[in-house]
Amino acid sequence: MRKPRSTLITTAGVAFAAVMGLMLPLTGPFAGRAEAAPTGIRVSDGRVVEANGNDFVMRGVNHAHAWYPDRTGSIADIAAKGANTVRVVLSSGDRWTRTTASEVSALVGQCKANKVICVLEVHDTTGYGEDGAATTLDRAADYWISVQDALRGQEDYVVVNIGNEPFGNNNHGEWTNATKNAIGKLRDAGFSHALMVDAPNWGQDWSGTMRDNAASVFASDPDRNTVFSVHMYGVYDTATEVRDYLNHFVGNGLPVVVGEFGDRHSDGNPDEDAIMATARSLGIGYLGWSWSGNGGGVEYLDMVNGFDANSLTAWGDRIFNGRDGIAATSKTATVYGGGGGPGTGTAPNGYPYCVDGGSSDPDGDGWGWENSRSCVVPGGPADG
(Lines give C-alpha, C1' and ligand atoms only; values in the text may rest on other atoms or scores of the structure.)
Protein backbone atom coordinates (compact mmCIF):
# COMPACT_ATOMS: atom_id res chain seq x y z
CA MET A 1 0.00 0.00 0.00
CA ARG A 2 1.20 3.50 -0.71
CA LYS A 3 1.51 6.16 1.95
CA PRO A 4 -2.01 7.07 3.11
CA ARG A 5 -2.13 10.49 1.50
CA SER A 6 -0.89 9.55 -1.94
CA THR A 7 -2.97 9.49 -5.09
CA LEU A 8 -3.74 6.05 -6.46
CA ILE A 9 -2.82 5.44 -10.11
CA THR A 10 -4.87 2.82 -11.91
CA THR A 11 -6.61 2.59 -15.25
CA ALA A 12 -9.14 0.40 -16.97
CA GLY A 13 -6.30 -0.76 -19.22
CA VAL A 14 -4.32 -1.95 -16.23
CA ALA A 15 -7.30 -3.86 -14.90
CA PHE A 16 -7.79 -5.51 -18.30
CA ALA A 17 -4.12 -6.40 -18.47
CA ALA A 18 -4.40 -7.90 -15.02
CA VAL A 19 -7.16 -10.24 -16.09
CA MET A 20 -5.24 -11.33 -19.17
CA GLY A 21 -1.98 -11.67 -17.26
CA LEU A 22 -3.50 -13.93 -14.66
CA MET A 23 -4.54 -16.36 -17.36
CA LEU A 24 -0.93 -17.09 -18.31
CA PRO A 25 0.69 -20.18 -16.79
CA LEU A 26 3.88 -20.25 -14.78
CA THR A 27 6.82 -20.77 -17.09
CA GLY A 28 8.93 -23.82 -16.54
CA PRO A 29 8.79 -26.52 -13.87
CA PHE A 30 10.10 -25.83 -10.40
CA ALA A 31 13.07 -28.09 -9.97
CA GLY A 32 16.20 -28.34 -7.91
CA ARG A 33 14.70 -27.06 -4.65
CA ALA A 34 16.77 -27.26 -1.54
CA GLU A 35 15.56 -26.60 1.97
CA ALA A 36 17.03 -23.88 4.11
CA ALA A 37 18.97 -24.77 7.20
CA PRO A 38 16.56 -24.92 10.16
CA THR A 39 17.26 -21.43 11.46
CA GLY A 40 14.11 -19.68 12.60
CA ILE A 41 11.20 -19.14 10.25
CA ARG A 42 11.99 -20.78 6.93
CA VAL A 43 10.62 -22.32 3.78
CA SER A 44 10.22 -26.08 3.55
CA ASP A 45 8.64 -27.83 0.58
CA GLY A 46 6.96 -24.66 -0.57
CA ARG A 47 5.49 -23.76 2.82
CA VAL A 48 6.41 -21.32 5.57
CA VAL A 49 7.40 -23.22 8.70
CA GLU A 50 9.05 -22.55 12.03
CA ALA A 51 12.46 -23.92 12.97
CA ASN A 52 10.79 -27.03 14.43
CA GLY A 53 9.13 -27.75 11.07
CA ASN A 54 5.60 -26.81 12.13
CA ASP A 55 3.62 -24.86 9.57
CA PHE A 56 3.28 -21.16 10.32
CA VAL A 57 0.30 -19.57 8.58
CA MET A 58 0.33 -15.80 8.91
CA ARG A 59 -2.88 -14.21 10.06
CA GLY A 60 -2.49 -10.54 10.73
CA VAL A 61 -2.57 -6.93 9.66
CA ASN A 62 -0.30 -4.08 8.63
CA HIS A 63 0.65 -1.27 11.00
CA ALA A 64 2.01 2.05 9.69
CA HIS A 65 4.72 2.64 12.29
CA ALA A 66 6.89 4.86 10.07
CA TRP A 67 4.14 7.50 9.83
CA TYR A 68 2.77 7.01 13.35
CA PRO A 69 5.78 6.16 15.53
CA ASP A 70 3.96 7.43 18.62
CA ARG A 71 1.31 4.69 18.33
CA THR A 72 3.42 2.30 20.36
CA GLY A 73 0.46 0.33 21.69
CA SER A 74 -0.80 -0.78 18.29
CA ILE A 75 1.10 -4.08 18.17
CA ALA A 76 -0.37 -5.11 21.52
CA ASP A 77 -3.85 -4.07 20.37
CA ILE A 78 -3.53 -6.05 17.15
CA ALA A 79 -2.30 -9.11 19.03
CA ALA A 80 -5.22 -8.85 21.44
CA LYS A 81 -7.60 -9.18 18.48
CA GLY A 82 -6.09 -12.60 17.72
CA ALA A 83 -3.46 -11.83 15.07
CA ASN A 84 -0.33 -13.98 15.04
CA THR A 85 1.62 -11.61 12.74
CA VAL A 86 2.03 -7.86 12.35
CA ARG A 87 3.57 -6.39 9.20
CA VAL A 88 5.26 -3.19 10.31
CA VAL A 89 5.98 -0.24 7.99
CA LEU A 90 9.55 1.09 8.35
CA SER A 91 11.43 3.77 6.43
CA SER A 92 14.99 3.63 5.14
CA GLY A 93 15.17 7.42 5.32
CA ASP A 94 15.14 7.81 1.55
CA ARG A 95 11.59 9.15 1.54
CA TRP A 96 10.36 9.42 5.11
CA THR A 97 12.02 9.71 8.52
CA ARG A 98 14.46 6.84 8.94
CA THR A 99 13.49 4.07 11.34
CA THR A 100 16.55 3.71 13.55
CA ALA A 101 18.16 0.50 14.71
CA SER A 102 16.96 1.19 18.25
CA GLU A 103 13.40 1.56 16.96
CA VAL A 104 13.72 -1.71 15.07
CA SER A 105 14.95 -3.42 18.21
CA ALA A 106 12.05 -1.99 20.21
CA LEU A 107 9.53 -3.11 17.60
CA VAL A 108 10.89 -6.63 17.65
CA GLY A 109 10.67 -6.56 21.43
CA GLN A 110 7.03 -5.48 21.24
CA CYS A 111 6.25 -8.29 18.83
CA LYS A 112 7.89 -10.85 21.08
CA ALA A 113 6.19 -9.50 24.21
CA ASN A 114 2.83 -9.84 22.48
CA LYS A 115 3.57 -13.23 20.91
CA VAL A 116 3.29 -12.19 17.28
CA ILE A 117 5.72 -12.62 14.41
CA CYS A 118 7.13 -9.36 13.01
CA VAL A 119 7.20 -8.90 9.25
CA LEU A 120 9.32 -5.76 8.88
CA GLU A 121 9.19 -3.90 5.57
CA VAL A 122 10.89 -0.87 4.00
CA HIS A 123 8.19 1.31 2.42
CA ASP A 124 10.40 3.77 0.56
CA THR A 125 10.59 1.48 -2.50
CA THR A 126 6.88 1.78 -3.23
CA GLY A 127 6.24 2.25 -6.96
CA TYR A 128 9.87 2.73 -8.00
CA GLY A 129 10.15 3.83 -11.63
CA GLU A 130 6.67 5.35 -11.61
CA ASP A 131 6.80 7.35 -8.41
CA GLY A 132 9.81 9.64 -8.62
CA ALA A 133 10.19 9.75 -4.83
CA ALA A 134 10.64 5.98 -4.50
CA THR A 135 14.00 4.34 -3.97
CA THR A 136 15.53 1.08 -5.17
CA LEU A 137 15.62 -2.39 -3.68
CA ASP A 138 19.38 -2.04 -3.56
CA ARG A 139 19.02 0.97 -1.27
CA ALA A 140 16.54 -0.98 0.84
CA ALA A 141 19.09 -3.78 1.19
CA ASP A 142 21.63 -1.20 2.37
CA TYR A 143 19.16 -0.11 5.04
CA TRP A 144 18.70 -3.66 6.30
CA ILE A 145 22.45 -4.08 6.55
CA SER A 146 22.69 -0.82 8.51
CA VAL A 147 20.24 -2.13 11.16
CA GLN A 148 21.46 -5.73 11.07
CA ASP A 149 22.61 -5.73 14.69
CA ALA A 150 19.01 -5.14 15.80
CA LEU A 151 17.91 -8.24 13.88
CA ARG A 152 20.76 -10.61 14.61
CA GLY A 153 19.53 -13.71 16.44
CA GLN A 154 15.85 -12.87 15.84
CA GLU A 155 15.28 -15.36 13.02
CA ASP A 156 12.57 -17.16 15.02
CA TYR A 157 10.55 -13.97 15.33
CA VAL A 158 11.25 -11.77 12.30
CA VAL A 159 10.67 -11.96 8.55
CA VAL A 160 12.53 -9.33 6.51
CA ASN A 161 10.24 -7.94 3.79
CA ILE A 162 12.94 -6.29 1.66
CA GLY A 163 10.85 -3.52 0.06
CA ASN A 164 7.18 -2.66 -0.29
CA GLU A 165 5.67 -2.77 -3.81
CA PRO A 166 9.13 -2.17 -5.32
CA PHE A 167 8.09 -1.33 -8.88
CA GLY A 168 5.18 0.52 -10.42
CA ASN A 169 3.60 -0.23 -13.77
CA ASN A 170 6.23 1.20 -16.11
CA ASN A 171 9.35 -0.86 -15.48
CA HIS A 172 8.15 -4.09 -13.93
CA GLY A 173 10.49 -6.13 -16.16
CA GLU A 174 13.36 -5.00 -13.95
CA TRP A 175 11.81 -6.67 -10.91
CA THR A 176 13.44 -10.08 -11.35
CA ASN A 177 17.09 -9.03 -11.45
CA ALA A 178 16.64 -6.31 -8.84
CA THR A 179 15.02 -8.79 -6.48
CA LYS A 180 17.70 -11.42 -7.02
CA ASN A 181 20.43 -8.87 -6.43
CA ALA A 182 18.84 -7.62 -3.20
CA ILE A 183 18.46 -11.17 -1.90
CA GLY A 184 22.08 -11.91 -2.75
CA LYS A 185 23.29 -8.73 -1.05
CA LEU A 186 21.52 -9.63 2.18
CA ARG A 187 22.75 -13.23 2.15
CA ASP A 188 26.30 -12.05 1.48
CA ALA A 189 25.96 -9.74 4.49
CA GLY A 190 25.06 -12.69 6.70
CA PHE A 191 21.27 -12.47 6.92
CA SER A 192 19.81 -15.92 7.57
CA HIS A 193 16.26 -14.67 8.15
CA ALA A 194 13.34 -15.64 5.99
CA LEU A 195 13.11 -12.95 3.33
CA MET A 196 9.85 -11.72 1.82
CA VAL A 197 9.66 -10.08 -1.60
CA ASP A 198 6.73 -8.03 -2.88
CA ALA A 199 5.40 -8.16 -6.41
CA PRO A 200 5.78 -5.29 -8.90
CA ASN A 201 2.85 -3.33 -10.38
CA TRP A 202 2.25 -1.67 -7.02
CA GLY A 203 2.29 -5.13 -5.48
CA GLN A 204 -0.55 -6.57 -7.57
CA ASP A 205 1.51 -8.30 -10.28
CA TRP A 206 -1.11 -7.80 -12.99
CA SER A 207 1.70 -8.39 -15.51
CA GLY A 208 2.49 -11.81 -14.06
CA THR A 209 6.13 -10.80 -13.63
CA MET A 210 6.56 -12.22 -10.14
CA ARG A 211 4.41 -15.23 -10.90
CA ASP A 212 6.41 -16.15 -13.99
CA ASN A 213 9.83 -15.54 -12.46
CA ALA A 214 9.29 -16.69 -8.88
CA ALA A 215 10.96 -20.07 -9.39
CA SER A 216 14.20 -18.52 -10.64
CA VAL A 217 14.16 -15.90 -7.88
CA PHE A 218 13.67 -18.60 -5.25
CA ALA A 219 16.48 -20.68 -6.74
CA SER A 220 18.79 -17.65 -6.66
CA ASP A 221 18.56 -17.51 -2.86
CA PRO A 222 21.40 -19.69 -1.53
CA ASP A 223 19.31 -20.39 1.58
CA ARG A 224 16.16 -21.20 -0.44
CA ASN A 225 14.32 -19.11 2.15
CA THR A 226 12.34 -16.49 0.21
CA VAL A 227 8.58 -15.97 0.49
CA PHE A 228 6.58 -14.21 -2.23
CA SER A 229 4.00 -11.56 -1.35
CA VAL A 230 1.18 -10.35 -3.59
CA HIS A 231 -1.04 -7.39 -2.70
CA MET A 232 -4.68 -7.88 -3.67
CA TYR A 233 -6.78 -4.83 -4.39
CA GLY A 234 -8.87 -3.96 -7.45
CA VAL A 235 -7.01 -6.32 -9.78
CA TYR A 236 -8.43 -9.24 -7.76
CA ASP A 237 -12.14 -8.50 -7.94
CA THR A 238 -13.27 -12.04 -8.76
CA ALA A 239 -12.81 -15.34 -6.98
CA THR A 240 -11.39 -16.89 -10.15
CA GLU A 241 -8.56 -14.34 -10.31
CA VAL A 242 -7.74 -14.86 -6.64
CA ARG A 243 -7.74 -18.65 -6.86
CA ASP A 244 -5.83 -18.81 -10.14
CA TYR A 245 -3.03 -16.59 -8.89
CA LEU A 246 -2.52 -18.26 -5.52
CA ASN A 247 -2.91 -21.78 -6.91
CA HIS A 248 -0.11 -21.12 -9.41
CA PHE A 249 2.31 -20.72 -6.51
CA VAL A 250 1.01 -23.56 -4.36
CA GLY A 251 0.84 -25.89 -7.35
CA ASN A 252 4.46 -25.15 -8.21
CA GLY A 253 5.80 -25.57 -4.69
CA LEU A 254 6.48 -21.88 -4.13
CA PRO A 255 5.70 -20.09 -0.84
CA VAL A 256 3.23 -17.22 -1.16
CA VAL A 257 1.27 -14.91 1.15
CA VAL A 258 -1.23 -12.13 0.56
CA GLY A 259 0.81 -9.34 2.10
CA GLU A 260 -1.90 -6.68 1.75
CA PHE A 261 -5.58 -6.58 0.81
CA GLY A 262 -8.72 -4.65 1.62
CA ASP A 263 -12.47 -5.06 1.35
CA ARG A 264 -12.82 -2.25 -1.21
CA HIS A 265 -10.57 0.14 -3.05
CA SER A 266 -10.52 3.03 -5.49
CA ASP A 267 -9.03 0.87 -8.25
CA GLY A 268 -11.79 -1.73 -8.01
CA ASN A 269 -13.59 -3.91 -5.49
CA PRO A 270 -11.33 -6.71 -4.25
CA ASP A 271 -13.08 -9.97 -3.40
CA GLU A 272 -12.01 -10.19 0.23
CA ASP A 273 -14.26 -13.19 0.83
CA ALA A 274 -12.44 -15.15 -1.87
CA ILE A 275 -9.04 -13.95 -0.66
CA MET A 276 -9.66 -15.11 2.89
CA ALA A 277 -11.40 -18.35 1.93
CA THR A 278 -8.73 -19.30 -0.60
CA ALA A 279 -5.95 -18.52 1.87
CA ARG A 280 -7.63 -20.77 4.43
CA SER A 281 -8.22 -23.61 2.00
CA LEU A 282 -4.63 -23.49 0.73
CA GLY A 283 -3.13 -22.97 4.17
CA ILE A 284 -1.33 -19.75 3.23
CA GLY A 285 -1.01 -16.46 5.08
CA TYR A 286 -2.79 -13.16 4.72
CA LEU A 287 -2.10 -9.70 6.17
CA GLY A 288 -4.81 -7.08 5.77
CA TRP A 289 -4.19 -3.38 5.20
CA SER A 290 -4.28 -1.70 7.69
CA TRP A 291 -4.81 -1.13 11.40
CA SER A 292 -5.42 2.65 11.31
CA GLY A 293 -4.17 5.98 9.98
CA ASN A 294 -5.14 5.82 6.31
CA GLY A 295 -5.90 9.12 4.57
CA GLY A 296 -6.17 10.74 1.17
CA GLY A 297 -9.51 9.16 0.37
CA VAL A 298 -8.76 5.60 1.48
CA GLU A 299 -9.77 5.99 5.11
CA TYR A 300 -12.16 3.09 4.57
CA LEU A 301 -9.12 0.78 4.81
CA ASP A 302 -8.79 1.53 8.53
CA MET A 303 -9.69 -1.47 10.70
CA VAL A 304 -10.22 0.68 13.78
CA ASN A 305 -11.19 4.31 14.12
CA GLY A 306 -8.41 6.61 15.30
CA PHE A 307 -6.20 3.76 16.56
CA ASP A 308 -8.92 2.88 19.09
CA ALA A 309 -8.92 -0.90 19.52
CA ASN A 310 -12.46 -0.72 20.90
CA SER A 311 -13.82 0.99 17.77
CA LEU A 312 -13.78 -1.54 14.95
CA THR A 313 -14.81 -0.40 11.49
CA ALA A 314 -16.83 -2.62 9.18
CA TRP A 315 -13.58 -3.75 7.53
CA GLY A 316 -12.00 -4.42 10.90
CA ASP A 317 -14.96 -6.48 12.06
CA ARG A 318 -14.88 -8.42 8.80
CA ILE A 319 -11.23 -9.38 8.92
CA PHE A 320 -11.08 -10.13 12.64
CA ASN A 321 -14.47 -11.68 13.30
CA GLY A 322 -15.91 -12.71 9.94
CA ARG A 323 -15.88 -16.00 8.08
CA ASP A 324 -12.31 -17.26 7.54
CA GLY A 325 -11.19 -14.31 9.65
CA ILE A 326 -8.31 -13.90 12.05
CA ALA A 327 -10.18 -14.87 15.22
CA ALA A 328 -11.29 -18.17 13.70
CA THR A 329 -8.12 -19.17 11.86
CA SER A 330 -5.09 -17.65 13.61
CA LYS A 331 -2.64 -19.87 15.46
CA THR A 332 0.07 -18.48 17.72
CA ALA A 333 3.58 -19.43 16.63
CA THR A 334 4.93 -22.43 18.51
CA VAL A 335 8.06 -20.45 19.43
CA TYR A 336 5.73 -18.65 21.84
CA GLY A 337 4.25 -21.86 23.14
CA GLY A 338 1.44 -21.92 20.60
CA GLY A 339 -0.33 -25.04 19.45
CA GLY A 340 -3.74 -24.38 20.90
CA GLY A 341 -5.84 -21.29 20.44
CA PRO A 342 -8.21 -19.87 17.91
CA GLY A 343 -8.79 -21.77 14.73
CA THR A 344 -6.44 -24.67 15.33
CA GLY A 345 -4.96 -26.84 18.07
CA THR A 346 -6.82 -28.11 21.11
CA ALA A 347 -9.45 -26.40 23.25
CA PRO A 348 -9.26 -26.53 27.08
CA ASN A 349 -11.78 -29.39 27.11
CA GLY A 350 -9.48 -31.57 24.98
CA TYR A 351 -11.40 -31.35 21.71
CA PRO A 352 -9.81 -29.81 18.57
CA TYR A 353 -10.75 -26.32 17.51
CA CYS A 354 -12.86 -25.97 14.38
CA VAL A 355 -10.82 -24.59 11.49
CA ASP A 356 -13.92 -23.09 9.88
CA GLY A 357 -15.17 -21.46 13.07
CA GLY A 358 -18.84 -20.61 13.15
CA SER A 359 -19.46 -22.09 9.71
CA SER A 360 -19.06 -25.52 11.31
CA ASP A 361 -21.74 -24.74 13.92
CA PRO A 362 -25.15 -24.19 12.29
CA ASP A 363 -27.12 -24.45 15.55
CA GLY A 364 -24.90 -22.02 17.47
CA ASP A 365 -24.16 -24.24 20.47
CA GLY A 366 -20.38 -23.80 20.16
CA TRP A 367 -19.80 -27.32 18.81
CA GLY A 368 -19.00 -28.12 15.20
CA TRP A 369 -18.21 -31.20 13.15
CA GLU A 370 -15.03 -31.48 11.06
CA ASN A 371 -12.83 -34.38 9.95
CA SER A 372 -15.45 -36.86 11.21
CA ARG A 373 -15.30 -35.66 14.82
CA SER A 374 -16.62 -32.95 17.09
CA CYS A 375 -14.73 -29.67 17.29
CA VAL A 376 -14.98 -26.53 19.41
CA VAL A 377 -15.81 -23.17 17.80
CA PRO A 378 -13.18 -20.65 18.99
CA GLY A 379 -14.72 -18.19 21.45
CA GLY A 380 -18.06 -20.02 21.48
CA PRO A 381 -20.05 -21.43 24.40
CA ALA A 382 -18.00 -24.64 24.46
CA ASP A 383 -14.62 -22.85 24.44
CA GLY A 384 -13.75 -22.60 28.10
Please determine whether salt bridge (Lys or Arg N to Asp or Glu O under 4.0 Å) holds for the pair Arg187 and Asp223, giving the CA-CA distance in whole Å, both sets of side-chain angles, and the decisive distance to 0.1 Å. CA-CA 8 Å; Arg187 295 300 185 214; Asp223 288 359; 3.5 Å; yes
Using side-chain heavy atoms (C-beta onward) and a distance below 4.5 Å, is Thr240 in contact with Arg243?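 A side-chain contact under 4.5 Å exists here.
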Donor-acceptor check, side chain of [X] to backbone of [Y], threshold 3.5 angstrom: yes or no?
| X | Y | result |
| --- | --- | --- |
| Ser105 | Ala150 | no |
| Ser229 | Val258 | no |
| Asp324 | Thr329 | no |
| Lys180 | Ala219 | no |
| Glu130 | Gly127 | no |

Angle class for the [X]/[Y] ring planes (parallel below 30°, perpendicular above 60°, tilted otherwise)?
| X | Y | value |
| --- | --- | --- |
| Phe320 | Trp291 | perpendicular |
| Tyr128 | Phe167 | perpendicular |
| His123 | Trp67 | perpendicular |

Donor + acceptor pair across side chains of [X], [Y] (<3.5 Å):
| X | Y | value |
| --- | --- | --- |
| Asp302 | Thr313 | no |
| Asn305 | Ser311 | yes |
| Asp221 | Thr226 | yes |
| Tyr300 | Asn294 | no |
| Thr334 | Asn52 | yes |
| Trp206 | Asn169 | yes |

Which heavy atom of Arg323 sits nearest to which heavy atom of Met276, and what is that distance?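 Closest pair (atom of Arg323, atom of Met276, distance): O-CE, 3.8 Å.
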Check Arg42 against Glu50 and note the closest heavy-atom contact, atom names and distance.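 Where Arg42 meets Glu50 most closely, the heavy atoms are NE-O, 3.7 Å.
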Regarding Lys115 and the six-membered ring of Tyr336, is the cationic atom NZ or CZ under 6.0 Å from the ring centre and inside 45° of its axis? no
Establish, yes or no, whether a centroid distance under 6.0 Å links the rings of Trp315 and Phe261. yes
Can you tell me which residue among Val88, Leu107, Val108 is in a side chain to side chain contact (heavy atoms under 4.5 Å, CB included) with Val158?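 Going through the options one by one, the only one that passes is Val108.
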Qualifying residue, where the test is ring pair (Phe, Tyr, Trp, His ring centres under 6.0 Å) with His265 and the options are Tyr236, Tyr233, Trp289, Trp202: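 Of all the options given, the one that passes is Tyr233.
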